[in-house]
Amino acid sequence: MTDRWALAPAEDGGVEIAPLGPDGLLTGPARWAADPAEAVRGRPEVTRWVWRSTAEVYPRLLATGVRVERCYDIEDAETLLLGHEGRYGEPRSAAAALARLRGGPVPPDPPQRAAEPGSQSLLFEPQSVHVPLADLVEVYADQQRRHDATAHPERMRLLTAAESAGMLVAAEMNRAGLPWSAEVHRRVLHELLGERYAGGGEPRRLAELADEVSDAFGRRVRPDLPADVIKAFAQAGIKVRSTRRWEIESLDHPAVKPLVEYKKLYRIWVAHGWSWLQDWVRDGRFRPEFLAGGTVTGRWVTNGGGGLQIPKVIRRAVVADPGWRLVVADADQMEPRVLAAISRDPGLMEVAGRETDLYQSVSDRAFSGDRAQAKLAVLGAVYGQTSGDGLKNLAALRRRFPKAVAYVDEAARAGEEGRLVRTWLGRTCPPAAGASEDAAEEAGIPQDDPGETVAGGQEWVPGYASTNARARGRFARNFVVQGSAADWTLLLLAALRRTCADLAAELVFFQHDEVIVHCPQEEAEMVVAAIREAAELAARLTFGETPVRFPFTTAVVECYADAK
DNA sequence: AGTTTCGGCGCC
DNA sequence: AAAGGGCGCCGAAACT
């Protein structure tokens, strides 16, 4: 029995709460309390709090030590429901949803803020339009009805609930932060880059490499300026279109080696160097702002500090507190397993029903034991590879796993034709065509350009998909797999969060298919078991009865870098 | 001078 | 070997 209550900050700085019935409507009068924490603490029987925005309310609760079991984030649900209804891009604020219900002018969404280093109030949204509790409940009740109108109401309800849970996890992670040793980080930087010089210029090792590059070209060249490097190669008689590593790596020129090394270290210096440490690490924790469902596929993003792009060498700095451990868990071959679950391809389900290396199994069946080729083929199918060895491999894959390949092919076709494409739980890919083109464009969906030419430089050829239509096809092909994987990971996180709530363990990091739990050493084995159980529960909840297994590789370590 | 885009590369 | 999905970040370059 769920006991749902609505919660809305009041304009006087207090908060209003009220009980809700199964239809989402009020079943009692609203009560006022001076602050949200007091209101929530006073209602321990409430199992789900319904509010406008988790990011608005929850950080303040956490700041006073109040944790909630479940929530329902109205604005997140609005985004998902609008997407499902093919109305991607319409304003998704509660105020806008209310205006649509009442037929008034729909206010545009407030602009997103950028993250600022060291800011302690990244999640507070003071610019948002205030919506009184009674109005909020009206929107909520309408959303309950809209769930019923979706293709799979029970899946859609699971999706909005799961993503709300994800928002709780994100807020809690944002508060916890990732344990980070500034001392180790500095040591790594010094080992890689050498001493820093006064004045903030390049550290010693970069300066040396820049000199080596210049010596090799016989003139002063700045390796961090692509235009300069391209010119220098041209003067040496080598034409390069760019200075991307894969393009210059194979060139026969003495500048290549120091140049490649320079670019690698330069990247560390500018993106994860001393100034990054200064900006993003304090009190022994790195605090990127995790944003659940920050992408159209449902993958999370972080805002600030490049939280999901921590280079391998820098992971040395992620160190557990004394007496504590990091449980680092990585889902094994998540995407092909998800493809097996959603396509129900018998062969792939059988392969994914084992916990052993899936790529090896696929290669045994379709690639004469060549694991690398099998992996390329599977990833090519998921990413939409259109040329090279991938095509040949894709054909082999299609022979053995026809339903799986057909599933992503169909998604690609739907994407090319501008039809709606959905994940397993109903998260919807913005269509390219139709009334919401601007929104799709904004979301990064490739759009047709009236002036474009097809490959080969010809003008439009009837019957051929345009370059952008094909790009949309690849996007949609990947969307169904990546997005359904995101659906599953939300359920995984929600389940894991519940177990951790009974322990001292804290979720501190999540990156697509990888999760880190920080816990006392003696809890580590319990956490490992909890991850396995959470994966099973998530699979059952997300995909229903399926033979597909979702094994994790887990490591109990003191340092993140030791996990692999 | 301030803002946006680009090139390159880190992660999955 | 070659190029296919999703992101964020940085400095430089290209703009207003």
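Residue numbers begin at 1 in each chain, while the letters A, B, ... track the order of the sequences.
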Send over the distance from [X] [atom1] to [N] [atom2], rounded to a whole Å.
{"X": "Glu289(A)", "N": "dC7(C)", "atom1": "CD", "atom2": "C1'", "answer": "15 Å"}
{"X": "Ile248(A)", "N": "dG7(B)", "atom1": "CD1", "atom2": "P", "answer": "16 Å"}
{"X": "Leu265(A)", "N": "dG11(C)", "atom1": "CG", "atom2": "P", "answer": "17 Å"}
{"X": "Ile314(A)", "N": "dG8(C)", "atom1": "CD1", "atom2": "P", "answer": "21 Å"}
{"X": "Arg472(A)", "N": "dG4(C)", "atom1": "CZ", "atom2": "P", "answer": "17 Å"}
{"X": "Asp279(A)", "N": "dC10(C)", "atom1": "CG", "atom2": "P", "answer": "8 Å"}
{"X": "Asp224(A)", "N": "dC9(C)", "atom1": "CG", "atom2": "C1'", "answer": "16 Å"}
{"X": "Trp269(A)", "N": "dC10(C)", "atom1": "CH2", "atom2": "C1'", "answer": "11 Å"}

Would you call Tyr383(A) stacked on dG5(C), i.e. ring centres under 5.5 Å apart with the planes less than 30° off parallel? yes
For dG10(B), does either OP1 or OP2 sit under 4.0 Å from a side-chain N or O belonging to Lys312(A)? no
Between [options], which one does the side chain of [X] approach most closely?
{"X": "Thr295(A)", "options": "dC10(C), dC7(C), dC9(B)", "answer": "dC7(C)"}
{"X": "Asn478(A)", "options": "dG5(C), dG7(B), dG8(C)", "answer": "dG5(C)"}
{"X": "Lys264(A)", "options": "dC10(C), dG10(B), dC11(B)", "answer": "dG10(B)"}
{"X": "Val270(A)", "options": "dG6(C), dA1(C), dG11(C)", "answer": "dG11(C)"}
{"X": "Gln482(A)", "options": "dG5(C), dC9(B), dC7(C)", "answer": "dG5(C)"}
{"X": "Phe475(A)", "options": "dC12(B), dG6(C), dG8(C)", "answer": "dG6(C)"}
{"X": "Arg474(A)", "options": "dG4(C), dC11(B), dG10(B)", "answer": "dG4(C)"}

Categorize [X] for me: base, sugar-phosphate, or nothing, with a 4.0 angstrom heavy-atom threshold over every strand shown.
{"X": "Arg477(A)", "value": "nothing"}
{"X": "Ile310(A)", "value": "sugar-phosphate"}
{"X": "Ser250(A)", "value": "nothing"}
{"X": "Trp246(A)", "value": "base"}
{"X": "Arg315(A)", "value": "sugar-phosphate"}
{"X": "Gly380(A)", "value": "nothing"}
{"X": "Tyr266(A)", "value": "sugar-phosphate"}

Does any donor-acceptor pair link the side chain of Arg299(A) with the base of dC12(B) at a separation under 3.5 Å? yes
Less than 4.5 Å apart, side chain to side chain, heavy atoms only: is that true for Lys231(A) and Arg219(A)? yes
In the structure I gave you, are the side-chain heavy atoms of Arg497(A) and Leu507(A) within less than 4.5 Å of one another anywhere? yes
Here's a test for you: under side chain to side chain contact (heavy atoms under 4.5 Å, CB included), which of Ile268(A), Asp224(A), Asp211(A), Leu265(A) qualifies with Leu206(A)? Leu265(A)
Do the two ring centres, one from Phe509(A) and one from His518(A), sit under 6.0 Å apart? no
Look at the side chain of [X] and the backbone N and O of [Y], then say whether any donor-acceptor pair between them is shorter than 3.5 Å.
{"X": "Arg285(A)", "Y": "Ala176(A)", "result": "yes"}
{"X": "Trp276(A)", "Y": "Gly305(A)", "result": "yes"}
{"X": "Arg315(A)", "Y": "Ile310(A)", "result": "yes"}

I need the Arg472(A) CZ to Glu417(A) CD distance, nearest 0.5 Å. 10.0 Å
Between Leu225(A) and Gly305(A), who's closer to the 5' end of DNA chain C by nearest nucleotide? Gly305(A)
Heavy-atom nearest nucleotide on DNA chain C for Arg267(A) versus Glu335(A): which residue maps closer to 5'? Glu335(A)
Parallel, tilted or perpendicular: which one describes the rings of Phe217(A) and Phe233(A), with boundaries at 30° and 60°? perpendicular
Strictly below 4.0 Å, heavy-atom distances to any atom of DNA chain B: list the hits from residues 366-375 of chain A, or just say none. none
